[in-house]
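Notes for the one structure printed next.
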Amino acid sequence: MDILKELNPQQRQAVTAPAGPVLVLAGPGSGKTRVLTNRIAYLINQLGAQPYQILAVTFTNKAAREMESRLAKLLDRSVQGIWMGTFHAICARILRREQAYLPFTSSFVIFDDDDQNTLIKRAVKDLNLDEKLYKPTSVRAAISNAKNNLILPKDYPASTYRDEVIARIYERYQTLLISNNAVDFDDLLLYTWKLLEENPTVRDTYSRRLQHILVDEFQDTNMVQYELLRHLASAHNHLFVVGDEDQSIYRWRGADYRNVLRFEEDYPGAQKILLEQNYRSTQTVLDAARAVIDRNRYRTPKRLKALPEHGQGEKLELYEAVDDYGEAAYVVETIQQSVRYGKARAGEFAVMYRTNAMSRLLEEAFLRAGLPYRLVGAQRFYGRREVKDIISFLRLLQNPNDEISLGRVINVPPRGIGDKAQVSLQLAAQAAQTSAGQVLLELAAKGKEAASWEILGRSARLLADVGGLLAAWREQLDTLSLPNLFDRVLNDVGYREYIDDGSEEGSGRWENVQELRRLAVEYEERGLSAFLENLALVSDQDTIPEEAEAPTLLTLHAAKGLEFPCVFITGLDDGMLPHNRALDDPEEMAEERRLFYVGITRAKKRVYLVRAAQRSTYGSFQDSIPSRFLDDIPADKLQNSGARGYSTRRSGSSTTWNDNRSLRGGSYAAPASAGGPPARQAAPVLPARYKPGMRVSHPSWGEGLVIDSRLQDGDETVDVAFESVGFKRLLGSLAKLDILKS
DNA sequence: CCGATGAAACACTGG
DNA sequence: GTTTCATCGG
C-alpha cells in the first residue's frame, strides 16, 4: 500500500501538507476525492491520527459512503470511528448527544419542506395574518435565509412592515417546532452552531477531539456551515478544505463561493494548492468549458489539462430542434443510433436539464422508443403520499408530540375523524397545556375518566381508539424489530386495503410501501430513530442507482460530482439555461454559467448541446432564442448538426397556420430513408440575407437596424430594432423587409 | 363526514 | 398540461 504512489505533484503536495489550514482548489475531474481519501490515510498512517479524531464533511451521503469504501481499500486497518457525513447528518448526531443544552429532546424529528409549510401556515393562522399575503413558501424562504445567516428571530431585521411581520411568524414558527419536538433542516446547523457558540466547554470538547477536519465541496458552504467549521477547528485550525469556485451552484440555499476567499483571509498561513490536471475529459471538452467559465469574475482562473492519452477528442455537437418534442426525440434517437453502431453503451449516456419539469417529455420519448432509463430526483420517492403516510405513523411512534404527522394520519384510512373532531382535539390539548398526541394517549389510558372526554363529545370514542393504537405500538417500540413494527402498524390500520384498490396505481402504491419496508429491514440493527433520520437526510444524489445499463436523466444540479462518457445538455435556450429568474441579476447569471460549466465538465468524451426553437409552457407554445452561453463556445470546438426539423408532437394541429415553423422544418427534412423519422440531417445551405448593422425598412414599422441574424430551422431569424416599435424578431422568409444599406 | 367534481393556481435548483 | 384546493351532493 503506497498512499503517494499514484499522485501527481500537486496532489501529493496536498496530501502531505503539514497539519494546518489547507485550501485545495480542485478543477473538475482533477481527482479531489482521491486527494481527500489519501489525505485521511496519510493522517492516520504518517501523522499518527486516530480515526475518531478525523471529521470528513461531504456534500452527499453517497459521497461519504464512497470515500469510506475507498479508504478501506487504501488502508489495511479498519476505518471505523471516522466521523464522515454531510453537515446535516453530523449536526444531527451532535444534537442527539447534547440534549441537555437544547430546547428539545434527543428523540426530535426532522421536518421536511412540506411539514415546514404546514407549520408556517399554522403560525400565520395563529397570528391572525392574511394567508394570501404570507404564503408558506415565501415565508419559509425568508426564514431559511435568516437561519443560514445566523439570524435568530429576535435579531431579524424589521426594516419593512413585511419583515416585521415575518419576524413574528419566524418566532412563532420556532415555538411551534419546539412544541412538536422537531427541527427543520436549517435548525440542524443553526442549533449546532449556537451550541458551540454559547458553550465554550462543549466547543472545546469537540474541537479537541476532532483534530483533523476535512471538507469536500467547500465552495457550496453557507455562512452557518463556515462558522460551524471555525468553531470545530478553533482549538487547532487543522482545516483541510477542497473546492472549486467554478462549481458553486447552490447560491439559493445560502451557499457562498466567496467563503473560499474568506478562508484565505481568516487563515492567513493557509497553503493553497491548485489542481489542474484533469483525468476525465478530452482537451476539446475542457477548452469549451473553459471558454464558458472564463467569462465569470472573482475566481482563480484555471488551465485544465487533459491527459495526453485522452487526446484532442471530438467537437461538441449542437442540435437545434424545432420544438421540445423534437428535442427529446433527438436525444433518444442519438442514443439508439450510437448503441446500434456500437459507438457507446446505453449506460454511458446522461441527459441533463435545468428543471425537473423538463424530464417529462424526455421520459415519454424514452418510453415510446421502448428504451429503459433511470431517473434521478423529480417526484421523489419520499414525497409520495403512501410513503409519507407511513413515515408519519412511524414518526408519531417515536415522538407523539409531532402534530404535523398526527394531522396527516389521524384520519388515515378514513375513520370518521374530520375537521370538527380535529379542531376540538386541538382545543382540548391547548386547555390541558399539552400536545394533541398526549391527549390521545390519555384518552386511551383513562377512557371516560380522562379530563378532556367531556369536551370532545361525540368524537371522544373515535379519538380514544386512535390513542389506543398509538399506545399499543409505543409499548412494542423496544420489543419489536423495525420491520415487525412496520408490519404491525400497517396491519392494524389496514393500510394495504386502503391504498391498493386493485388498480394499476394501487399496486404501484403498494409497491412503494414494500420498497420502504425493504429499507426498514436494512435499518433493523440501527433502529427506528436512525431510520427516520436517514429518511429525512437522504438526498436525490444519494439515490442514484449504479451500474444499470440505461441512460441517466438528471438535473444539472444532481450531476455535480458525477461523470459520464457522453452528456446531453438540453434546454439550451435563454429562459431555460440561463433560467428566467436569473436574467436580471448578474450574480444569478454567473451561477447559471457555472451550472452550464458543471454540465459540460461531466463529459469524458462527447457533449451534445441541445435546444428547441419552440417549447410548451403551461400548455401553450412559445418561441425561444438560443442560450447566450452557446455564443461563448469557440466555433472551432462546435459542430452544428443543424435542424432536423420535425416534431413528434402528437396533437393533430401541427398543420395549422400558426405552426408554420414545424411545417417549414418538415419540408426540408430529408426523404425518410427507411421509414420512420429521417436520420440526422444537416440544414440546407441557405445564405443569410441580413447582417448585423444593416438598415432595413418594414412596410408598417418603418426603418430599423438589424441587431442579429441567424439561420435556424431552415429559415433566417432576424432581430431588428425599429425606431417606431423597438425590438422585433422576424422570420426572414415572411417579413417584407427591404435592405436600405449595409 | 366522505368522495367526486371543477376551478384555480401553478413548477428552478434540494439537504 | 398537471396538481392542488374548495365546494357540493350524498
Side-chain angles (χ1 to χ4, degrees), chain A residues 57-64 85-92 110-114 116-117 121 131-132 135-137 140-141 144 147-148 183-189 217 220-222 224-225 248-255 324-325 352-361 364 376-380 382-383 385 411-423 458-459 462 501 533-543 554-560 571 575-583 585 588 591-592 594-596 598-599 615-621 649-651:
Chain A
V57 187
T58 58
F59 196 71
T60 63
N61 297 297
K62 189 183 170 224
T86 63
F87 272 106
H88 292 89
I90 285 159
C91 287
I110 301 165
F111 274 5
D112 69 13
D113 293 5
D114 286 344
Q116 287 183 57
N117 281 347
K121 261 188 230 158
E131 291 177 63
K132 287 258 175 336
K135 294 228 171 72
T137 345
R140 175 164 55 90
S144 172
K147 288 181 173 177
N148 285 332
V183 299
D184 64 23
F185 285 122
D186 304 315
D187 280 343
L188 290 170
L189 308 172
E217 306 284 5
D220 277 321
T221 52
N222 59 29
V224 211
Q225 291 167 340
S248 174
I249 52 175
Y250 284 92
R251 205 177 103 91
W252 48 276
R253 221 163 68 186
D324 39 5
Y325 289 85
M352 303 176 186
Y353 33 80
R354 175 67 235 266
T355 68
N356 277 311
M358 285 183 67
S359 74
R360 212 194 82 240
L361 279 181
E364 281 175 13
V376 179
Q379 168 61 306
R380 318 214 331 222
Y382 303 102
R385 199 190 72 211
N411 201 28
V412 170
R415 50 168 74 89
I417 302 175
D419 287 350
K420 238 178 118 190
Q422 289 184 49
V423 168
R458 265 194 308 167
S459 38
L462 293 165
D501 53 5
E533 181 165 311
N534 182 62
L535 288 180
L537 295 180
V538 285
S539 68
D540 283 344
Q541 286 158 76
D542 296 326
T543 57
L554 74 182
T555 62
L556 286 160
H557 282 90
K560 191 173 82 161
M576 296 298 300
L577 184 68
H579 195 269
N580 263 323
R581 299 201 187 191
L583 296 184
D585 180 347
E588 290 285 326
E591 177 140 324
E592 298 291 310
R594 293 193 290 268
L595 207 44
F596 185 38
V598 166
R615 61 179 75 240
S616 51
T617 42
Y618 289 88
S620 68
F621 274 81
R649 217 159 117 206
R650 282 157 303 172
S651 73

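Note on naming: letters A, B, ... go to the chains in the order of the sequence lines (proteins, then strands), and numbering restarts at 1 for each one. Note: hydrogens, waters and symmetry copies are ignored here, and every other heavy atom, side chains too, is used.
For the P atom pair drawn from B:dT13 and C:dT4, the interatomic distance equals 15 Å after rounding to whole Å.
Between A:L462 and A:R415, the closest side-chain pair of non-hydrogen atoms is not below 4.5 Å. Between A:L189 and A:K147 there is no side-chain heavy-atom pair separated by less than 4.5 Å. The shortest distance between side-chain heavy atoms of A:N148 and A:D186 falls below 4.5 Å. Contact check for A:L556 versus A:Y353: no side-chain heavy atoms found under the 4.5 Å cut-off.
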Anything under 3.5 Å between a protein N or O and an N or O of nucleotides 4-10 of chain C, put it in a table, one pair a line.
none

Might you list the N or O atoms of the protein lying below 3.5 Å from N or O atoms in nucleotides 8-13 of chain B, with each pair's distance?
{"residue": "B:dC12", "atom": "OP1", "partner": "A:R581", "partner atom": "NH2", "Å": "2.5"}
{"residue": "B:dC12", "atom": "OP2", "partner": "A:R581", "partner atom": "NH2", "Å": "3.4"}
{"residue": "B:dC12", "atom": "O4'", "partner": "A:H579", "partner atom": "NE2", "Å": "3.3"}
{"residue": "B:dC12", "atom": "O2", "partner": "A:R354", "partner atom": "NH1", "Å": "3.1"}
{"residue": "B:dC12", "atom": "O2", "partner": "A:R354", "partner atom": "NH2", "Å": "2.1"}
{"residue": "B:dT13", "atom": "OP1", "partner": "A:N356", "partner atom": "N", "Å": "2.5"}
{"residue": "B:dT13", "atom": "OP1", "partner": "A:N356", "partner atom": "ND2", "Å": "2.9"}
{"residue": "B:dT13", "atom": "O2", "partner": "A:W252", "partner atom": "NE1", "Å": "2.5"}
{"residue": "B:dT13", "atom": "O2", "partner": "A:R354", "partner atom": "NH2", "Å": "3.1"}
{"residue": "B:dT13", "atom": "O2", "partner": "A:H557", "partner atom": "NE2", "Å": "3.3"}
{"residue": "B:dT13", "atom": "N3", "partner": "A:W252", "partner atom": "NE1", "Å": "3.3"}

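The distance between atom CD1 of A:I90 and atom P of B:dG15, rounded to the nearest whole Å, is 16 Å. Atom P of nucleotide C:dG1 and atom CZ of A:F621 are separated by 9 Å, given to the nearest angstrom. Going from atom CZ of A:F87 over to atom C1' of B:dG15 covers 12 Å, rounded to whole Å. What separates NZ of A:K62 from C1' of B:dG15 is a distance of 16 Å, to the nearest Å. Per the geometry, CG belonging to A:D114 stands 15 Å off P belonging to B:dG14, to the nearest Å. Computed from coordinates, the A:R615 CZ to C:dG1 P distance equals 17 Å when rounded to whole Å. Separating the CG atom of A:N148 from the C1' atom of B:dG15 is a distance of 11 Å, rounded to the nearest angstrom. Atom pair A:D419:CG and B:dC2:P shows a separation of 9 Å (rounding to whole Å applied).
Between A:G418 and A:D113, it is A:G418 whose nearest contact on DNA chain B lies nearer the 5' terminus.
A salt bridge links A:D220 and A:K560; the closest N-O separation between the charged side-chain nitrogens and carboxylate oxygens is under 4.0 Å. In this structure, A:R581 does not pair ionically with A:E588, as no charged nitrogen and carboxylate oxygen lie closer than 4.0 Å. A salt bridge links A:D585 with A:R251: the closest approach of a Lys/Arg side-chain nitrogen to an acidic carboxylate oxygen falls below 4.0 angstrom.
Closest approach of A:A89 to A:E533, counting heavy atoms only: O-OE2, 4.2 Å.
When heavy atoms are screened at a 4.0 angstrom cut-off, A:R415 is found touching the sugar-phosphate backbone but no base atom. At a threshold of 4.0 angstrom between heavy atoms, the contacts of A:A421 are confined to the sugar-phosphate backbone, with no base atom among them. The residue A:N411 sits close only to the backbone: its heavy atoms come under 4.0 Å of sugar-phosphate atoms, none of a base. No contact: A:N580 has no heavy atom under 4.0 Å from any strand.
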Checklist entry - Would A:L537 and A:F185 satisfy side chain to side chain contact (heavy atoms under 4.5 Å, CB included), going step by step from the backbone distance to the final call? => result CA-CA 9 Å; A:L537 295 180; A:F185 285 122; 3.8 Å; yes

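Not a single donor-acceptor contact under 3.5 angstrom links the side-chain atoms of A:N61 to the base of B:dG15.
The backbone N or O of A:H579 sits less than 3.5 Å from a side-chain atom of A:E592, completing a donor-acceptor pair.
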